Amino acid sequence: MSIWSRIAEALAALTAGEGLSAVFEKLRTSPDRTVAFAIAVIALGAKMAKADGIVTRDEVVAFREVFVIPPEEEENAARVFNLARQDVAGYESYARQIKAMFGDDDRPLCHLMEGLFQIAMADGVYHPKEDDFLHNVAQIFGFDDRRFRGIRAQFVTEAERDPYDVLGVSPETPMDEVRSAWRQLVRDTHPDQMIARGVPEEAVKLAERRMVAINRAWEEIQGASR
């Protein structure tokens, strides 16, 4: 059964009048974290979107920056988007519920943030309001400013790009520890590891951009140390 069929089942379990907040609460104890991850990305992406009304083709394209969405499954993805758009709950409420779903393991939340950045950049423009939105979500997830800047640097060309932020270390960190941090991030970015943490197979292309940014940061730090 595809991730989209499982999402449809989760939505079908809603009673009349319930919104995505109820889905997040039910998924909090679900062993299937892939459904939780996919719904979280789409729901927060919907809150971030500027367009009004139902999902447009452009919005579907934006979500395809993160997910493989077969044409026959667009309706299921669109339903999540529209539920989020219509839900009276604010994105801060969603972010807190999503944080609770994943507990102490913040690595899936990092991948989720990366997905939101890809959606934000789908039109080639990074708006100040999108930056405010994403910064606030990151704070709710418990990320400090260094970690937020490191994720942003993977996607936003004009953003401040500090390779140390990308690797989660400081310029004062000994080179052997920087190398260890880089190697750990490379291991963590392997698609199998990401799937094990709850990233759906349909979204593992997130690993491609992440790996490029990690390796580029390491190369820059190495070059500066010679």
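Counting from 1, the numbers follow the sequence of the chain as shown. This structure is a prediction, so every number in the text was calculated from the model and none was measured.
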[X] and [Y]: which non-hydrogen atoms are nearest, and at how many Å?
{"X": "A43", "Y": "V80", "value": "N-CG1, 4.3 Å"}
{"X": "I119", "Y": "M48", "value": "CG2-CE, 4.0 Å"}
{"X": "A77", "Y": "I42", "value": "O-CG2, 3.9 Å"}
{"X": "A46", "Y": "A84", "value": "CB-CB, 3.6 Å"}

Tell me every residue that passes salt bridge (charged side-chain N to carboxylate O under 4.0 Å, His left out) with D144, counting only those two or more places apart in sequence or in another chain.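 Here no residue qualifies.
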Residue list, salt bridge (charged side-chain N to carboxylate O under 4.0 Å, His left out) with R107, at least two apart or on another chain: D105
Classify the side-chain pair N215/E219 by whether it contains a donor and acceptor separated by less than 3.5 Å.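 N215 vs E219: no donor-acceptor pair found between side chains.
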D145 versus H135, side-chain donor and acceptor atoms under 3.5 Å: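 Yes, side-chain donor-acceptor contact under 3.5 Å.
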Just grab all the salt bridge (charged side-chain N to carboxylate O under 4.0 Å, His left out) pairs involving residues 164-174, residues at least two apart or on different chains.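 For residues 164-174, and leaving out neighbouring residues, the salt bridge (charged side-chain N to carboxylate O under 4.0 Å, His left out) pairs sorted by first residue read R146-D165, R149-D165.
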Can you list every salt bridge (charged side-chain N to carboxylate O under 4.0 Å, His left out) pair that touches residues 203-216, not counting sequence neighbours? E114-R210
Using modelled atom types and a 3.5 Å cut-off, is there a donor and acceptor pairing between side-chain atoms of K26 and backbone atoms of S21? no
For atom CD of E75, decide whether the heavy atoms of other residues, nucleotides or ligands shown that lie under 6.0 angstrom number more than 12. no
Ring of F133, cation from K47 - is the NZ or CZ under 6.0 Å from the centre and inside 45° of the axis?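 Relative to the ring axis of F133, which defines the angle, K47 lies outside at least one limit.
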Measure from the ring center of F81 to the ring center of F63 and say whether it is less than 6.0 Å. yes
For E201, which residues count as a side chain to side chain contact (heavy atoms under 4.5 Å, CB included) partner, sequence neighbours excluded?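 Partners of E201 by the side chain to side chain contact (heavy atoms under 4.5 Å, CB included) criterion, ordered by chain and then number, come out as I195.
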Are W218 and P163 close enough that some pair of their side-chain heavy atoms sits under 4.5 Å apart? no
Sequence neighbours left out, what pairs pass side chain to side chain donor-acceptor pair (under 3.5 Å) with at least one residue falling in residues 190-200?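 Every side chain to side chain donor-acceptor pair (under 3.5 Å) pair that includes a residue of residues 190-200, provided the two are not neighbours, is H111-R197.
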